[in-house]
Amino acid sequence: MVTYKFHQYQVVGRALPSETDEHPKIYRMKLWATNEVRAKSKFWYFLRKLKKVKKSNGQMLAINEIFEKSPTKIKNYGIWLRYQSRTGYHNMYKEYRDTTLNGAVEQMYTEMASRHRVRHHCIQIIKTATIPAKLCKRESTKQFHNSKIKFPLVHRTVRPPTRKLKTTYKASRPNLFM
Amino acid sequence: PFKRYVEIGRVALVNYGKEYGRLVVIVDVIDQNRALVDAPDMVRCQMNFKRLSLTDITIDIKRVPKKKTLIAAMEAADVKNKWENSSWGRKLIVQKRRASLNDFDRFKLMLAKIKRGGLIRQELAKLKKQNAAC
């Protein structure tokens, strides 16, 4: 229902076959990109760092989008990332609670941008995993592992139901009690 | 100080967006701002609390029930009737009716209002005369 900016793609590619190597090894990567073109480009970027192959002497075998298997189930996602700050590269592990992996990744990108001023092209996702509730490390995700969770909504902002009904001036002050 | 809590089983009204006006049940809490929300006639989805107005009605369910158990729990708690008899629910029904009037209905409404106004003024005049007499 929400449109996610980052999609998860499975990209499969290999070097072009040559006389020395008839059947080069096939490599598969799962990455996040906004569209397929960017996904393919990112694939070659990472593969160049790992093997001696470039887009010009390699071929793309498959690119498929990976969709969420259970988008109505809430999961705890752990994301390991490597990011470039103003002074150097750092590794980080972050946890998010979300229904889909794409949603969690998008949360990660926006949080890195807000908390550390890291733009999305300076972030490399090393690994993502769904973490069972027992193994979560961060208190901010663990506080929602409560089957009898209950909290009040403290500050109610009164919003017009559509942006068309928005007015600059209102006759009365709002009632903020829920 | 707080009477309406976000909890599993709380019935809420959607007050913004595509699902405006729908009664939904909070089925689980994702994080501080979002809840997993479900209703008998829609796919379970996530919603920001900013889009929800909590009501007084709660139903008795466990975390993320199956659709059948959710519908059964809603029947058991009689959400529909409770909502339609509550003052908030009645006001919404009246608003909907008023928005769906056609011109003939509005004409009939005008006549009814005039008639009611006339009766009130008659009674008021009678009371005034009584008061003026004594």
Side-chain angles (χ1 to χ4, degrees), chain A residues 1-4 68-78 94-104 106-108 110-111 114 130-131 133 136 138-166 174-178, chain B residues 1-22 24-39 42-67 70 88 92 95-96 99:
Chain A
M1 7 70 252
V2 197
T3 48
Y4 295 111
E68 181 67 33
K69 200 152 88 122
S70 46
T72 54
K73 185 158 158 254
I74 300 176
K75 302 174 267 291
N76 310 297
Y77 291 100
K94 286 191 154 292
E95 274 182 15
Y96 297 99
R97 241 175 102 77
D98 203 319
T99 49
T100 66
L101 185 46
N102 290 348
E106 192 159 340
Q107 259 186 299
M108 183 274 292
T110 52
E111 189 177 348
S114 68
T130 46
I131 315 273
C136 280
R138 305 285 186 248
E139 277 305 314
S140 55
T141 44
K142 289 205 315 203
Q143 69 183 339
F144 292 102
H145 293 157
N146 177 5
S147 68
K148 296 196 184 43
I149 192 164
K150 179 168 156 170
F151 55 88
L153 292 177
V154 172
H155 187 248
R156 176 178 79 149
T157 45
V158 188
R159 280 204 293 189
T162 56
R163 293 209 61 202
K164 222 183 196 129
L165 300 167
K166 186 168 84 142
N175 175 20
L176 300 173
F177 187 68
M178 195 63 201
Chain B
F2 292 108
K3 302 232 183 58
R4 298 177 185 162
Y5 291 84
V6 167
E7 52 195 333
I8 296 174
R10 172 71 58 179
V11 174
L13 186 68
V14 178
N15 62 17
Y16 191 90
K18 205 162 73 93
E19 305 282 329
Y20 177 70
R22 208 197 264 269
V24 290
V25 178
I26 293 178
V27 142
D28 201 355
V29 170
I30 299 177
D31 62 18
Q32 199 194 3
N33 303 323
R34 290 176 297 162
L36 202 56
V37 124
D38 205 356
M42 75 181 210
V43 181
R44 197 187 301 158
C45 72
Q46 65 174 357
M47 263 196 182
N48 196 317
F49 287 127
K50 290 187 178 182
R51 290 198 177 194
L52 297 175
S53 299
L54 304 180
T55 64
D56 290 318
I57 312 173
T58 48
I59 66 179
D60 187 20
I61 50 173
K62 297 236 172 358
R63 214 169 65 86
V64 191
K66 289 202 197 302
K67 215 32 171 262
L70 176 71
W88 187 355
L92 284 191
Q95 277 178 12
K96 236 186 267 197

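Chain naming here is simple, since letters A, B, ... match the order of the sequence lines and numbering starts at 1 in each.
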Item to check | CA sep, side-chain torsions, deciding dist, call: B:Arg34, B:Asn48, side-chain hydrogen bond (donor to acceptor under 3.5 Å, both in side chains) | outcome: CA-CA 4 Å; B:Arg34 290 176 297 162; B:Asn48 196 317; over 6 Å; no
Next on the checklist: side-chain contact (heavy atoms from CB on, under 4.5 Å), that's the test. Do A:Phe144 and A:Ile149 meet it? Break it down for me.
Outcome noted: CA-CA 7 Å; A:Phe144 292 102; A:Ile149 192 164; 3.5 Å; yes
Checklist entry - Given the rule in the side-chain hydrogen bond (donor to acceptor under 3.5 Å, both in side chains) test, do A:Tyr77 and A:Gln107 qualify, once you have shown the distances and angles that lead to the verdict? => result CA-CA 11 Å; A:Tyr77 291 100; A:Gln107 259 186 299; over 6 Å; no
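Between chain A and the residues B:Ile26, B:Asp28, B:Ile8, B:Asn15, the most heavy-atom pairs under 4.5 angstrom are made by B:Asp28. With chain A as partner, the option from B:Lys3, B:Arg10, B:Glu7 having the largest number of non-hydrogen pairs under 4.5 angstrom is B:Glu7.
Heavy-atom distances place both the backbone and the side chain of B:Lys50 under 4.5 Å from chain A. Contacts between A:Asp98 and chain B at a heavy-atom distance below 4.5 Å involve backbone atoms as well as side-chain atoms. Using a 4.5 Å cut-off between heavy atoms, B:Arg4 touches chain A through backbone and side chain atoms alike. Both the backbone and the side chain of A:Thr72 come within contact range of chain B, judged by heavy atoms closer than 4.5 Å. With a 4.5 angstrom heavy-atom cutoff, A:Phe177 touches chain B only via side-chain atoms.
Residues A:His145 and A:Asn76 meet the side-chain proximity criterion, which asks for heavy atoms closer than 4.5 Å. A 4.5 Å side-chain heavy-atom check between A:Ser70 and A:Lys75 finds at least one atom pair inside the cut-off.
In A:Gln143, the CD atom is crowded: over 12 heavy atoms of neighbouring residues, nucleotides or ligands sit closer than 6.0 Å.
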